[in-house]
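All heavy atoms count here, side chains included; hydrogens, waters and symmetry mates do not. None of these values were measured; they are calculated from a predicted model.
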Amino acid sequence: MKAAVIQSPYHMDLCDIPAPSLKEGEVLVQVMYTGICGSDLHIFRGEHPTAKFPLVAGHEFVGKLVKVHGESCGLKIGDMVVAQEAISCGRCQACVSGHENVCRNLRIIGVHQDGGFAEYVKVPARKTYRIAPGTDPRIAALTEPLAVAVHDVRTGGLEVGDRALIFGGGPIGTLIAMICRLSGAGKILITEINPVRRKILEEMGFLTASPEDPSFEETVKEAGGADGFDVCFETVGKDSTMACAMENVKNAGVIVLVAMNSHKNNLDLGRVFAKEIGIKGVRLHTQKHFAKAVEIINSHVLDGDLSRLITDIYPLDEIRHAFDEAGKGDSCFKILIQVSG
């Protein structure tokens with residue numbers, strides 16, 4: 001099969017490699033589309049702490065089920081499917097308590113084993129979900145990042161009528177905003193520097209503010225009301241955005257740390273104490289929340305908004321150029337690689 005193999009940092013080749021062989025409980029998926037995620041870019045640049053080369057990256061994929069080894073979990077050959085990329089052991093304390101996304105022995109498709117930037121990918125049957133017939137496969141390719149947003153919003157405990165402040169209007173920040181709106185948030189403000197992204201967000205009906213605008217602090221304060229925001233989502237990973245979240249979250253509010261952040265933040269612990277701020281870290285998503293994302297995709301309730309996220313589609317043989325474009329991030333939201341179909 002054809003596959004985009006990362007051989008070393010910044011070195012990706014389109015190669016012919018053997019198709020995956022299946023073990024008991026695994027299925028083979030013929031990939032249709034795979035999205036480029038920020039973590040794929042980290043892997044490509046050699047910045048991921050646990051990924052090892054050579055590797056076929058890609059965990060945001062949709063495809064057709066073509067082979068089953070053992071139990072099919074109710075799936076049929078020919079089904080359009082997506083799969084949760086997190087493979088957990090099911091035995092450690094985190095798994096048995098429903099937090100398999102932080103499994104002690106976690107392995108991730110596209111990070112620790114070959115992923116979806118290839119003609120075929122193997123996945124556990126128990127992690128695989130059917131996509132409803134008639135669903136646009138390009139929309140279905142957004143299931144995994146949508147699951148991240150579902151997990152983040154649920155972890156933040158957002159309730160109907162709550163005010164949400166989202167730092168960063170990239171794909172994940174925008175998906176979080178969609179789920180906040182779908183969950184009945186009373187006010188949503190997205191902070192984003194990029195004017196192209198702000199324009200698209202505003203066309204989708206979201207309130208935005210640029211940190212470079214002289215009236216930025218006033219806009220944030222006004223949107224937060226007298227008490228501040230119930231939940232803040234930090235998807236940028238900067239000290240300045242974290243400080244802004246600490247300032248504008250309400251007393252006893254919650255800050256959800258979404259961004260992958262390798263440096264140590266200087267948190268104002270006195271403010272955390274005085275305001276009784278809850279700070280929640282999030283990683284990937286649980287299988288429960290992935291299944292909920294599949295339900296949303298199959299309901300088509302967000303199709304219009306989700307389609308706005310897809311700004312470019314490249315064939316597999318142009319994946320190197322697609323990664324360059326995704327790395328710029330100035331005029332794109334989500335880039336998909338079309339592998340087949």
Exercise. Passes salt bridge (charged side-chain N to carboxylate O under 4.0 Å, His left out), K67 versus E26? Steps please.
Worked result: CA-CA 9 Å; K67 190 175 182 180; E26 293 181 332; over 6 Å; no
For this session: Go through the steps to decide whether E234 and V258 satisfy the test side-chain contact (heavy atoms from CB on, under 4.5 Å), and finish with yes or no.
Result: CA-CA 6 Å; E234 206 293 298; V258 182; 6.0 Å; no
For this session: List the steps and the verdict of side-chain hydrogen bond (donor to acceptor under 3.5 Å, both in side chains) for T50 and H112.
Result: CA-CA 8 Å; T50 58; H112 306 116; 2.9 Å; yes
Problem set entry | Trace of the salt bridge (charged side-chain N to carboxylate O under 4.0 Å, His left out) decision for R308 with E203 | CA-CA 10 Å; R308 295 299 304 273; E203 290 172 351; 2.7 Å; yes
For this session: In sequence, state the C-alpha distance, the side-chain angles, and the governing distance for T34 and E60, and then conclude on side-chain hydrogen bond (donor to acceptor under 3.5 Å, both in side chains).
Result: CA-CA 5 Å; T34 302; E60 301 178 359; over 6 Å; no
For this session: Would you sort out whether K221 and E247 count as a salt bridge (charged side-chain N to carboxylate O under 4.0 Å, His left out), showing the intermediate values?
Result: CA-CA 10 Å; K221 291 290 185 185; E247 172 69 24; 2.9 Å; yes
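Residues H285 and H151 keep their aromatic ring centres 6.0 Å or farther apart. In this structure, the ring of Y10 has its center less than 6.0 angstrom from the ring center of F44. Aromatic rings from F290 and Y129 are positioned such that their centres are separated by under 6.0 Å. Taking the six-membered ring for Trp, F117 and F323 have ring centres closer than 6.0 Å.
Of the N and O atoms on the side chains of N298 and H300, not one donor lies less than 3.5 Å from an acceptor on the other residue. In the model, T208 has a side-chain atom that pairs as donor or acceptor with a side-chain atom of E202 under 3.5 Å. Counted by atom type alone, H99 and T286 present zero donor-acceptor pairs between their side chains at under 3.5 Å. Side-chain contact annotation: D324 with H321, donor-acceptor N/O pair under 3.5 Å absent.
Under the 3.5 Å distance criterion, the side-chain polar atoms of N194 are matched with a main-chain donor or acceptor of V196. Without hydrogens or angle criteria, D114 side chain to V56 main chain gives a donor-acceptor distance under 3.5 Å. Between the side chain of Q30 and the main chain of G78, no donor-acceptor pair closer than 3.5 Å is present. Between the side chain of T235 and the main chain of G173, no donor-acceptor pair closer than 3.5 Å is present. Side-chain atoms of E325 never come within 3.5 Å of backbone atoms of K328 as a donor-acceptor pair (strictly under, hydrogens ignored). Checked by atom type and distance alone, the side chain of K275 pairs as donor or acceptor with a backbone atom of V249 at under 3.5 Å. Listed for the T128 side chain is a donor-acceptor partner under 3.5 Å among the backbone atoms of P124. Counting only distance, with no hydrogens or angles, the side chain of E192 and the backbone of G168 share no donor-acceptor pair below 3.5 Å. In this structure, D136 contributes its side chain and R138 its backbone to a donor-acceptor pair below 3.5 Å. Under a 3.5 Å cut-off, the side chain of K187 and the backbone N or O of G224 do not form any donor-acceptor pair.
Enclosure of atom CD in E24 by more than 12 non-hydrogen atoms of other residues, nucleotides or ligands within 6.0 angstrom is indicated. No more than 12 heavy-atom neighbours from other residues, nucleotides or ligands sit within 6.0 angstrom of CD on E218. Atom CZ of R91 sits in a sparse spot, with 12 or fewer heavy atoms from other residues, nucleotides or ligands closer than 6.0 Å. Applying the 6.0 Å contact sphere to CD of Q7 captures more than 12 heavy atoms from other residues, nucleotides or ligands. More than 12 non-hydrogen atoms from other residues, nucleotides or ligands lie less than 6.0 angstrom from CD of E318. By the 6.0 Å contact criterion, CG on D227 is open, its count of non-hydrogen atoms from other residues, nucleotides or ligands being 12 or less.
When hydrophobic clusters are built by joining Ile, Leu, Val, Met, Phe, Trp and Tyr residues whose side-chain heavy atoms come closer than 4.5 Å, directly or via intermediates, I190 is grouped together with F333. In the hydrophobic clustering of ILVMFWY residues, with side-chain heavy atoms under 4.5 Å counting as a link, V148 and L146 come out together.
Ion pairing between E85 and K127 fails under the 4.0 Å rule for side-chain N and carboxylate O. Looking at D230 and R163, no side-chain N of the basic residue comes within less than 4.0 Å of a carboxylate O on the acidic one, giving no salt bridge.
The two atoms that bring P9 and G46 nearest to each other are CG-CA, 3.9 Å, heavy atoms only. In plain terms, the two heavy atoms of H59 and S39 that are nearest each other are CE1-OG, 3.1 Å. In plain terms, the two heavy atoms of K334 and L142 that are nearest each other are CG-CD2, 3.7 Å.
Remark: R181 is positioned above the aromatic ring of F206, its terminal NZ or CZ atom under 6.0 angstrom from the ring centre and at most 45 degrees off the axis.
Exactly one residue among L336, I337, V123, V339 makes a side-chain contact (heavy atoms from CB on, under 4.5 Å) with F61. That residue is V123. Just one of I176, D162, V256 meets the side-chain contact (heavy atoms from CB on, under 4.5 Å) condition when paired with V153; it is I176.
Using a 4.5 Å cut-off on side-chain heavy atoms (C-beta onward), I109 and I87 make contact. Contact of the M12 side chain with the I319 side chain is registered, since non-hydrogen atoms from C-beta on lie closer than 4.5 Å.
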